[in-house]
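Read the structure below first, then the notes.
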Amino acid sequence: MKIVVISGGPRKHGRTAIAARFIERTYGYHTLDLSVMEMPMYTGEEEQTTNPVVKSLRQSVLEADAVLLLSPEYHSAMSGALKNTLDFLSSTQFLHKPVGLIAMAGGGKGGINCLNNMRTVMRGLYANAIPRQLVLDPSVFDYDRDGLTKEAAEQVDGLIEELKMYARVAKEVKAQQLI
Ligand SMILES: Cc1cc2nc3c(=O)[nH]c(=O)nc-3n(C[C@H](O)[C@H](O)[C@H](O)COP(=O)(O)O)c2cc1C
C-alpha cells in the first residue's frame, strides 16, 4: 500500500520535520518535505505544469493509495507552504482518496484550527479526510532522539492504522467499480 506523507512545515529543523522523519523511519513511507523541495509559488501559468517539482508532486499524490498531511498551525491555519502546494493539486489526484491529518501546535489547546482548515481544503479537493486526527504539542517530541514520545508514537500509529483501513476500503470500492 502506497502512503505519501506531505510534511508541510517550511522550517528544516522544525517539529513538523521531526514528526515527518519519525514517520518515514518507522513506516518507510515516501515523504514530500516542503522544507527542502523547491516548490514554486502557484501562479496558474501554463509553464508551471512542466516544472519537474510540480510534475513529481502531482505524480506522487496521484499514485498514492492514501496521503498523510502534516502541518504546523500558523495563525490558526495550515502553513502557507502547505496551502501553496495543495493549490497545485486537484480532484484529479485526490478524488475519494483517504487523507490523514496531523497538526503541530504551540501548546495551550492550539492545533484544532489547523486541522479544520486542512479538512475544509481536503473537501475542496474531493478527498476523504478520515475522522481520526491528531495534534502534536511541543511536549510530545523526543528532541534527543529526533522523534516522538511513546504515547505520541502510539497515537500516530492509531491514526495510520485507521488511514490504512480507509485506503483498503477505497481500493475495494474502486475494484468493484462502486464509484
Ligand atoms: C508564524 C507562526 C504562527 C503560529 N501560530 C500558532 C497558532 O495559531 N496556534 C498554535 O497553537 N501555535 C502557533 N504557532 C506555534 C507553532 O504551531 C508550533 O511552534 C509548531 O510546532 C511549529 O511547527 P514547526 O516547528 O514545524 O514550524 C505559530 C508559530 C509561528 C512561527
Side-chain angles (χ1 to χ4, degrees), residues 1 3-37 39 57 60-61 64-87 89 93-94 97-167 169-170:
M1 177 174 304
I3 296 187
V4 164
V5 177
I6 302 183
S7 179
R11 298 198 309 134
K12 281 190 184 66
H13 307 291
R15 279 181 277 274
T16 312
I18 296 177
R21 281 196 296 271
F22 171 80
I23 291 168
E24 191 174 33
R25 275 201 312 274
T26 310
Y27 301 94
Y29 298 150
H30 179 48
T31 302
L32 304 173
D33 182 350
L34 302 188
S35 72
V36 295
M37 282 168 74
M39 187 63 59
L57 164 79
S60 297
V61 177
D65 297 307
V67 174
L68 185 57
L69 294 183
L70 273 67
S71 178
E73 178 162 291
Y74 284 166
H75 303 324
S76 305
M78 73 175 84
S79 70
L82 180 58
K83 179 58 169 62
N84 178 61
T85 298
L86 294 173
D87 288 344
L89 301 169
Q93 292 83 24
F94 271 112
K97 192 158 288 184
V99 177
L101 307 173
I102 302 181
M104 295 349 101
K109 298 201 165 44
I112 192 69
N113 288 316
C114 176
L115 291 172
N116 287 338
N117 181 224
M118 289 196 280
R119 190 170 288 282
T120 301
V121 173
M122 283 301 104
R123 206 223 62 82
L125 290 162
Y126 291 89
N128 178 19
I130 66 169
R132 196 154 168 165
Q133 58 188 13
L134 196 54
V135 173
L136 299 176
D137 283 339
S139 61
V140 306
F141 285 81
D142 183 339
Y143 298 95
D144 293 337
R145 292 196 170 88
D146 195 46
L148 299 174
T149 61
K150 188 170 169 288
E151 292 72 26
E154 283 169 6
Q155 287 181 322
V156 168
D157 195 59
L159 177 73
I160 287 177
E161 280 306 312
E162 186 171 292
L163 185 60
K164 281 161 53 184
M165 185 270 284
Y166 278 101
V169 170

Considering only heavy atoms from C-beta outward, does the side chain of Val135 approach that of Ile112 to under 4.5 Å?
no

Can you name the residues that form a salt bridge (charged side-chain N to carboxylate O under 4.0 Å, His left out) with Glu161, not counting sequence neighbours?
Lys164

Separation of Thr149 OG1 from Phe141 CZ (nearest 0.5 Å)
9.0 Å

Just to verify, what does Tyr27 make a ring pair (Phe, Tyr, Trp, His ring centres under 6.0 Å) with, not counting sequence neighbours?
Tyr29

At what distance, to the nearest 0.5 angstrom, does CG of Leu68 lie from CD1 of Ile160?
5.5 Å

Side chains of Val121 and Leu82, heavy atoms from C-beta outward: is any pair under 4.5 Å?
no

Using the side-chain contact (heavy atoms from CB on, under 4.5 Å) rule, take Met104 and Leu70 through it: C-alpha gap first, then chi angles, then the decisive distance, then the call.
CA-CA 8 Å; Met104 295 349 101; Leu70 273 67; 4.0 Å; yes

Could you measure the distance from the CG atom of Leu89 to the CG atom of Leu57? Nearest 0.5 Å is fine.
4.5 Å

Sorted by chain and residue number, the side chain to side chain contact (heavy atoms under 4.5 Å, CB included) partners of Thr26 (sequence neighbours excluded) come out as Phe22

For residues 8-17, which side-chain donor-acceptor pairs fall under 3.5 Å, sequence neighbours excluded?
from, atom 1, to, atom 2, distance (Å)
Arg15, NH1, Tyr143, OH, 3.2

Just to verify, what does Gln155 make a side chain to side chain contact (heavy atoms under 4.5 Å, CB included) with, not counting sequence neighbours?
Leu134

Tell me, please, which residues at least two apart from Lys109 pass salt bridge (charged side-chain N to carboxylate O under 4.0 Å, His left out).
none

Glu73 side chain to Asn113 backbone, donor-acceptor under 3.5 Å:
yes

Contacts of Asp87 meeting side-chain hydrogen bond (donor to acceptor under 3.5 Å, both in side chains) (sequence neighbours excluded), chain-then-number -> Lys83

Atom CD in Glu24, atom NE2 in His30: separation rounded to 0.5 Å?
8.5 Å

Under the salt bridge (charged side-chain N to carboxylate O under 4.0 Å, His left out) rule, what pairs show up with a residue in residues 135-148, not counting sequence neighbours?
Arg21-Asp146, Arg25-Asp146, Asp142-Arg145

With sequence neighbours excluded, tell me which residues meet salt bridge (charged side-chain N to carboxylate O under 4.0 Å, His left out) with Glu154.
Lys150

So CG of Leu159 and CG of Leu163: to nearest 0.5 Å the spacing works out to 6.5 Å

By side-chain hydrogen bond (donor to acceptor under 3.5 Å, both in side chains) - contacts of Gln133 (at least two apart):
Arg119

Is there a side-chain contact between Leu69 and Met122 in this structure, where contact means two heavy atoms from C-beta onward sitting under 4.5 Å apart?
yes

Any non-hydrogen side-chain atom of Leu125 less than 4.5 Å from a side-chain atom of Val99?
no

CD1 of Ile6 to CG of Leu32, rounded to nearest 0.5 Å, is 5.5 Å

Can you name the one residue among Pro72, Ser35, Cys114 that meets side chain to side chain contact (heavy atoms under 4.5 Å, CB included) with Ser79?
Pro72

Name all residues meeting the salt bridge (charged side-chain N to carboxylate O under 4.0 Å, His left out) criterion together with Asp65; count only those two or more places apart in sequence or in a different chain, and write none if there are none.
Lys171

Those residues at least two apart in sequence (or on a different chain) that pass side-chain hydrogen bond (donor to acceptor under 3.5 Å, both in side chains) with Thr31 are none

